[in-house]
Amino acid sequence: MNFLVCGLNHQSAPLHIRERLDFSKQDKRKYLKRLTQCDSIHAGMVVSTCNRVEVYASGTYTDQLIQDTKKFLLDFHATPATEVDPFLYFKLNREAVRHLFRVAASLDSMVVGEPQILGQVKEAYFDASGLSCIDAFFDRLLQKTFSVAKRIRRETSISEHAISVSYVAVKLAGNIFSTLENKKVMILGAGEMAELTAKHLQNQKTGEIFFANRSFQHSAELAGEYRGIPIHLDDFEKYLLNVDILVVSTGAPHYLIKPAQIERVMKERKQAPIFIIDISVPRNVDPLVHELSEVYLYNIDDLKTVASLNQEARAKEAKKAEKIVEVEVERFYENISKLEASPIIQSLQSKYEKVREEEMSRLEKRLKNTSSPDLSLIHRTTSSLVRKILNDPILYLTQSSSSLDRYKQVELFSKIFDLKEKPKSNLKEDFEPDEDD
Amino acid sequence: MMGLKIETIFLYSHITILVLGVCCFGVSFLAGLAYILQQKRLKTKNLNSPSLPLPSLEELDQVAMRSIFVGLLLLTGGVVSGIYLAHVFWKSSWLSEPKFVFALVTWGWYLAVVVLRNRFGWRGIRFFVLTVVGFAFLLFTFALATLWGWL
């Protein structure tokens with residue numbers, strides 16, 4: 001059994017090429033059917049996101065597998081090979097498994113550690129499995145992939161360090177406030193960054209969000225969009241008395257908020273801490289404000305510095321994660337080889353292969369006038385048929401949880417399929433369970 | 001015999017209450033140290049050093065306030081039971097006992113800390129400095145009281 005990944009990602013190909021080969025979700029039935037209809041491909045799935053397009057496939061013959069997978073990818077998008085050849089990569093077996101583990105654990109992502117990719121791989125797997133496009137090997141591999149990704153999430157802090165500026169701000173707020181729930185927020189000014197921060201804060205279920213702007217109408221518009229409260233700029237100081245987080249992002253070319261003003265406010269709020277995020281360039285809050293007791297002022301550069309420090313921390317964690325991937329690839333192959341060599345599966349496969357061969361030889365005698373290409377097509381079709389019929393029983397056999405279950409299953413299997421292979425007492429050795437499964 | 005028994009019960013309750021009270025102030029002391037560290041990180045904008053996870057300022061503030069409140073209640077109980085013990089059983093002039101005086105000063109200190117924080121807005125770092133100093137003073141009181149007992 002060979003396992004292949006063929007595709008391109010944000011590192012290997014520019015956006016317009018990735019767009020060219022993108023698989024639309026609506027066509028999943030069409031492309032998955034077409035992929036698994038290829039003669040050499042036993043099973044397959046497609047991961048298509050804005051940063052990568054990858055076709056995962058398994059089959060018996062390496063060269064044909066590579067050829068057919070590539071042909072599928074190009075033909076489906078009616079793209080000439082010359083256009084995408086320099087950007088495509090092919091990885092086989094161990095390399096491909098390692099690649100899949102790295103992708104799912106977000107080590108291959110543009111933003112290392114971003115959590116969405118695991119969900120996207122899961123979705124690709126569910127799509128393929130829903131349309132019966134995967135086999136026992138694929139199923140086991142994907143289960144392992146998810147457990148590796150989970151292990152990496154658990155044992156490293158790869159996703160913990162915020163690296164987008166607006167998210168850093170939210171994380172920073174968590175160092176000051178125990179929870180952001182019901183905390184009052186004020187957004188002074190407008191702009192994309194302010195909106196993004198407002199969105200992040202709202203996701204944390206903050207309390208009221210006040211919008212203050214030079215134009216009240218604009219405040220009202222923003223407030224409408226984010227279910228906030230528009231206020232007049234003149235009332236700014238009055239509302240500031242109860243606000244916990246202030247986001248400033250105006251186009252003003254000078255300091256709008258000065259230490260004396262905040263000092264006055266702080267006295268009135270009895271020194272309740274306030275977090276001020278100044279994302280305007282040039283700055284709108286006098287840096288001296290940060291010197292005041294219980295006032296925490298962060299400007300865009302501070303946030304960027306934290307973000308880049310976090311990026312370094314993520315890179316460090318990624319190294320740990322790579323080591324886990326290496327160990328898990330080895331373990332996966334160890335288990336797979338044991339599984340493939342397991343006598344029960346071998347005898348099941350050989351029994352039905354024998355049935356198929358007998359039927360084929362009988363058929364060949366009856367179809368004397370049939371051309372040899374037609375015969376080979378029939379051969380391929382029947383072996384594919386046998387493989388697909390046996391897929392579910394093998395899958396069932398490889399998924400049992402405990403060694404006792406396995407023992408019972410093997411016994412049952414032997415009875416149902418009338419196999420000569422009887423369960424052994426040392427079955428545990430045949431089916432070494434994964435610790436993380 | 002009966003009197004001795006009640007006296008023993010009183011004495012042990014007195015000690016237990018005071019030890020629990022001191023533990024509460026100890027918690028506020030630790031929260032204070034964590035607060036000072038967390039605030040230093042936020043003020044210097046160097047959030048990864050030291051790279052140990054610390055609770056948020058708000059959480060530390062709540063922990064300190066609650067533990068001081070409970071500590072104050074227990075200390076009050078300790079002082080009252082001490083006065084009672086001295087007055088009824090030992091017939092000593094408890095007012096001149098140094099440990100009583102120190103206990104009273106500690107009690108007054110923490111009460112002042114709470115009043116300053118809630119009434120006059122002495123929140124944040126000022127509150128925690130007072131808390132940390134308060135506990136250091138309390139340890140000093142205890143050490144002195146023990147020493148006095150020996151002498």
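Side chains are part of it too, since the values below use all heavy atoms of this structure and drop only hydrogens, waters and symmetry mates. Just so it is clear: chains get the letters A, B, ... in the order the sequence lines come, proteins before strands, and each one is counted from 1.
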Using atom types as modelled and no hydrogens or angles, find all donor-acceptor pairs between chain A and chain B shorter than 3.5 Å.
| residue | atom | partner | partner atom | Å |
| --- | --- | --- | --- | --- |
| A:N175 | O | B:L57 | N | 3.1 |
| A:I176 | O | B:L57 | N | 3.4 |
| A:I176 | O | B:E58 | N | 2.8 |
| A:S178 | N | B:S56 | OG | 3.2 |
| A:S178 | N | B:E58 | OE1 | 2.7 |
| A:S178 | OG | B:E58 | OE1 | 3.0 |
| A:K183 | NZ | B:E58 | OE1 | 3.4 |
| A:K183 | NZ | B:E58 | OE2 | 3.1 |
| A:H290 | O | B:K43 | NZ | 2.4 |
| A:H290 | NE2 | B:K43 | O | 2.8 |
| A:L292 | O | B:K43 | NZ | 2.7 |
| A:E294 | OE1 | B:Y35 | OH | 2.8 |
| A:E294 | OE2 | B:Q39 | NE2 | 3.2 |
| A:E294 | OE2 | B:I125 | N | 3.0 |
| A:V295 | O | B:K43 | NZ | 2.6 |
| A:Y296 | OH | B:Q39 | NE2 | 3.0 |
| A:L297 | O | B:K45 | NZ | 2.8 |
| A:Y298 | OH | B:L42 | O | 2.7 |
| A:D302 | OD2 | B:K45 | NZ | 2.5 |

Contact part of A:A173 toward chain B, heavy-atom cut-off under 4.5 Å: side chain, backbone, both or neither? neither

Counting only non-hydrogen atoms closer than 4.5 Å, does A:L292 touch chain B with its backbone (N, CA, C, O), its side chain (CB onward), both, or neither? backbone

